[in-house]
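Beneath this line is the structure, given in structure tokens, with notes to follow.
Each chain gets a letter, A, B and so on, in the order the sequences are listed, and its residues count up from 1. Every heavy atom of this structure was used, including side-chain atoms; hydrogens, water molecules and symmetry mates were not.
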Amino acid sequence: MHGRPRMAPNPEDAAASAAKSQKLRSLQSQFLSFHHSRTYTKEALEISAKLLEINPENYTAWNYRKLAVEHCVKESESDPSSVKSIFDKELKVVESALRQNFKSYGAWHHRKWVLSKGHSSIDEELRLLDKLQKQDSRNFHAWNYRRFVAALMNRSIEDELKYTENLIENNFSNYSAWHNRSILLSELVKKKDQGSSTQDVLSEEYNFVRDALFTDPDDQSAWFYHLWLLQQTIQSKAPLLVSSWPANGADLRVSGNGCLGGASGLFSRLSSDLRRFPLVLFFNQNVEGISSLTVTVEASFITSKDLTWKSLSPKTSRFGRVWVAYLDISSVDLDYLNPQKVVVRLGHCPGIMSSSGLPLSKPFRLEYTIAAKPIETKSSGRHENEIFQWKEDDFHNSEGQLEESIPRLLYTRAVEDNDEAAASRWHIDTMTEEINHVRVLLASSDCKIGKLMLARLLMARDDMLSPYANKMAHSEEVLELYRDLIRLDPPHSHYYKDQSSLVLMQQLVSSRDSLLKHCFCYEGIKSSSIDGPVCLRLNNLSLSRVGSFEKLLWVHILDLSDNELHSIQGIEALQLLSCLNLRSNKLTSFSALEPLRSLKCLRALNISYNEIGSHPIDTCRYLVTSPLSHSAEISWNRDEDLPDGVDVENYWEAFLVFKDLDLVQLDIAGNPVADERFQSFLVKITPELTWLDGQKLH
Amino acid sequence: MESSSSSTVTQREQLMVEQRVFQIYRLFAEMPRSSQSFMLEVQRDSHIEYLTNGLRGLSPSFCVLDANRPWLCYWILHSLALLEGSIDDELENNAIDFLCRCQDPSGGYAGGPGQMPHLATTYAAVNSLISLGGHRALSSIHRDSIYAFLRQMKQPNGGFRMHDGGEVDVRACYTAISVASILNILDDRLVEYVGDYILSCQTHEGGIAGEPGSEAHGGYTYCGFATMILINEVDCLNVAALMDWVVFRQGVECGFQGRINKLVDGCYSFWQGGVCALLQRSYPIINGLDSSESEEDSDAGSLSSATSDVCEGEHAVEGTLPQADAETCQHTWEGFVNTLAPVNLNDIGDKFLERNAKMGPPFNSVALQQYILLCSQLQEGGFRDKPGKARDFYHTCYCLSGLSACQYSWSEDLDFPPAPQAVLGPYSNLLEPIHPLYNVVLRRYHEAREFFASA
């Protein structure tokens, strides 16, 4: 549709144009009468050739010529030389048509048709292409035709690579040449099979692209190709289980009323629900095929078949990084002297696959025990007056106590393969070399793309060396790079800010010591049993995104207040979360809270002083990884009973989030949306709600 | 490699365009306010005059379009519809008569009377007649024979051929599927494997190419993406990568480029801007909003949910399996276990409008409007590719379509007028909203939809 010839620019040409047009009209009507009468005489063919020379867009004329060729070939069947001359004539017609408009679909298609008949010499074609590609090196018709011709004449991949090399040397900004290189190289790699020869090809290619990058670090074409090359290097990483809850080797203590771990008794009203508790599997990438067939669970009280696995990603996708199943222990007679052993195995049966089709890198085995707590807690029914307040005074940093609460085995590994490198020596060396080259480049220029590339390379290599993100050797340097980028490239500062937030999170959780600095005992609830529950406080860190949830699966209470969060994507992995503080962030809509819908234990939520309701529609959605992850609307059954007078129409997004939550306590003040009408709406749809903005409801 | 002191042709051309565009912006910034507001005005009357003249008698130099005349009709008529320009009865009748003469007795529309039917001109003719609206225009479309033509063009690999003996590409897929969808004749036979063909054209860049092996390109990305939505298979694409690709095609000039490291061009205001408009509303569109209930959401929190969860989950999975029977198996959302009601393919265009935009525009909408109004618009009427180029109807159509998409890019619901701050320049600049899947004016779409639903 695009690239059709434009009208003549000058009115002076109008007269000439009119004459030309008159001629065309007469040619057109003559041609049509020949076409309809199936006349394929020399004269008739000449008319159609003239017509096409002026108007290569006339696809009917191209078709007419195909019919004519077939007719003429039939007439002269015995004589190969006259057949050849018939086809050669066609090539000439196409060539003059292309001179008129070499974006003509019909002309290029006709040429392919002629060539595929096999009566013409192909050698001429490359010469023609050279000529045309010199005029317009980005013409995609020409590139498509080039690939067609190369395949037809069985030209070697190496020869074609050489051709792109020449074009790139002539103009290294020619992205089409780089693109064709990526197609050729993929073929080459496929042919060479896996192994060292593939690596040689890629290594050589790094050298080639580096020349271009150093010639002009600000030209984007080579960087796009470099990125593609890196993808080829990093890719093909098999899925890995990076963490789980419960962790391997954990000894879970369940109090008499069914509460788990540190948060026991926090809200006694949630006790009975925890007769079901989650089994969470966290992978390094999206996988599919987690089911009772691929994951076996052995315990005296349950069989694999009793478990239903669900991905915590959007349910429209078969893939997910985090999978959860709930174990029902309500019928189990828990005893403190006699712990129940649970063994989870995965990867023993095929079926777990990454989205690129790779199976799980190796089998995994997790083992943990569940027992009752030695001392019964007196749970005195409902504590109507319990309220979770995020007061500074209530938090204490007492390390001895915390040692107990954070799963000790978190940093010795969920799985016993600490020494396993995720990548081969070659992969790591390649990354190292690229890092060194980019550093050299940056020493002489303040190139933005280079800085971004260095940040990505450093992170990727750290990830290769330590797939469980326990060693973050370069996070300081990466954070510095992002700070530079925010300064140098303000239009994309949000993107850089998000990236550096994720790095910061990774840094915070990368060691037990750094994590402990952010863990506190909460002593605000007096009804709680022995110790105060542990709270992870990541407040006031200027975070705009949160991540590294694989290290935080054990968290019950999370404080993210006073940050700059506009998204909480990924938080759905924290299946034990019961109290969450998001006060003073930059959340702009209820749809940003969608990840909370999967948190069945969440009871206290503080979203006060955000920007919910300030924009007519969510402005940050496109920053999340997949726009398709939001499919909330379709999951609501209109027949569902609603209390009378619920204003679903106006608070549709809020309704979708809150109807699935069982909140006891909610703080929402300080948002544009939070008026009296909204409050009364909230009270109606969340019957369990006891505290709203610190006020007791009933 | 060339030495770093000498830049490439590509770089020099880019620099020239940037200088030209920035000069316009600089002049604009220094103007008094009154001239500024004039500069930002859509010159409605001039555009209407330019377009109407074009329709009245094709300028002689347009002879090259003798094989593409329905396109010319569409570019002009759609532009006029966007501007709410009226056409006198005689011109309207002439256009309908002309398009009737392009309609092939065996189905489809040709580029001109007596020529062969062609998918692209069929799309252009159908959209032209819908843009005109009214009983006479709509009833002139022979749907049965168009269906037969579409079936003839269908290829075993799922794609479509442009015309008998013609090329197979993503454009052909879009024009075929769009026509079938808007005429209410889309069925499984037309849809079969077309998604696989489009998938084979999505490149590592994220966008979609015209054919396998080619580069990602704005026009084809629009065509491929819209097709995938219309056949309900959009989740098979790597949408995150597509989003990344498209948003970075908007450059410092404020307009969009069509491919990586190419020059800005006003027509991509629609091709790329249209992809963005589609992205804002792209998430599963399934039939039976009322009947679908997810297992996850059933009375969460109640004690019984522990067990009912499991039962319902398994039931839902089994529920979809026996449907693999060819007759009854409509296209189900892949991997969507609880889609019990079959999707009516012909309802997707309508359902798409019911989906409110779920995010703001993933591009700078005001900046793009600025490029269209200051760099593409000609005060004497018409729009162009970039400063220095001549106006034409193609660019007029797609600059205006892109401008409309921008103006409504903050609107959750297209049926309501946008907020004043969403419209650059005076509010009188506001154009008619388009249906982003077909690129016809929304009002005309509704009229056609009603007409073909009852016909």
Ranked by heavy-atom pairs below 4.5 Å to chain A, first place among Ala124(B), Gly219(B), Pro113(B), Gly166(B) goes to Gly166(B)
One option among Gly165(B), Ala209(B), Gly258(B), Ala216(B) has the most heavy-atom pairs under 4.5 Å with chain A, and it is Gly165(B)
**Prompt:** Between Arg138(A) and Glu215(B), is the closest basic N to carboxylate O distance under 4.0 Å?
**Reply:** yes
The single option from Thr8(B), Thr10(B), Asn261(B) that satisfies side-chain hydrogen bond (donor to acceptor under 3.5 Å, both in side chains) with Asp219(A) is Asn261(B)
Given the options Arg259(B), Glu205(B), Lys262(B), Tyr175(A) meets side-chain hydrogen bond (donor to acceptor under 3.5 Å, both in side chains) only with Glu205(B)
Heavy-atom pair of closest approach, residues [X] and [Y]:
| X | Y | answer |
| --- | --- | --- |
| Asn144(A) | Ser214(B) | OD1-OG, 3.1 Å |
| Gly213(B) | Arg147(A) | O-CZ, 3.1 Å |
| Asn63(A) | Asp164(B) | ND2-O, 2.7 Å |
| Tyr59(A) | Met116(B) | OH-O, 2.7 Å |

Turns out that what part of Ala110(B) lies under 4.5 Å from chain A's heavy atoms comes down to both
Cut-off 4.5 Å, heavy atoms of chain A, and the answer for Asn238(B) is neither
d(Glu57(A) CD, Trp71(B) CH2) to nearest 0.5 Å is 12.0 Å
So OG of Ser7(B) and CG of Asn171(A): to nearest 0.5 Å the spacing works out to 9.5 Å
The residue among Gln115(B), His163(B), His118(B) that forms side chain to side chain contact (heavy atoms under 4.5 Å, CB included) with Thr60(A) is Gln115(B)
Ring centres under 6.0 angstrom apart (Phe140(A), Tyr220(B))
yes
One option among Glu288(A), His109(A), His110(A) has the most heavy-atom pairs under 4.5 Å with chain B, and it is His109(A)
When the 4.5 angstrom heavy-atom criterion is applied to Ser186(A) and chain B, the contacting part is neither
Cut-off 4.5 Å, heavy atoms of chain B, and the answer for Gln220(A) is both
Q | Pair Gln11(B)-Asp216(A), side chain to side chain donor-acceptor pair (under 3.5 Å): steps then yes or no | A | CA-CA 10 Å; Gln11(B) 291 173 334; Asp216(A) 185 350; 2.6 Å; yes
Is there a donor-acceptor pair closer than 3.5 Å between any side-chain N or O of His204(B) and the backbone N or O of Trp228(A)? no
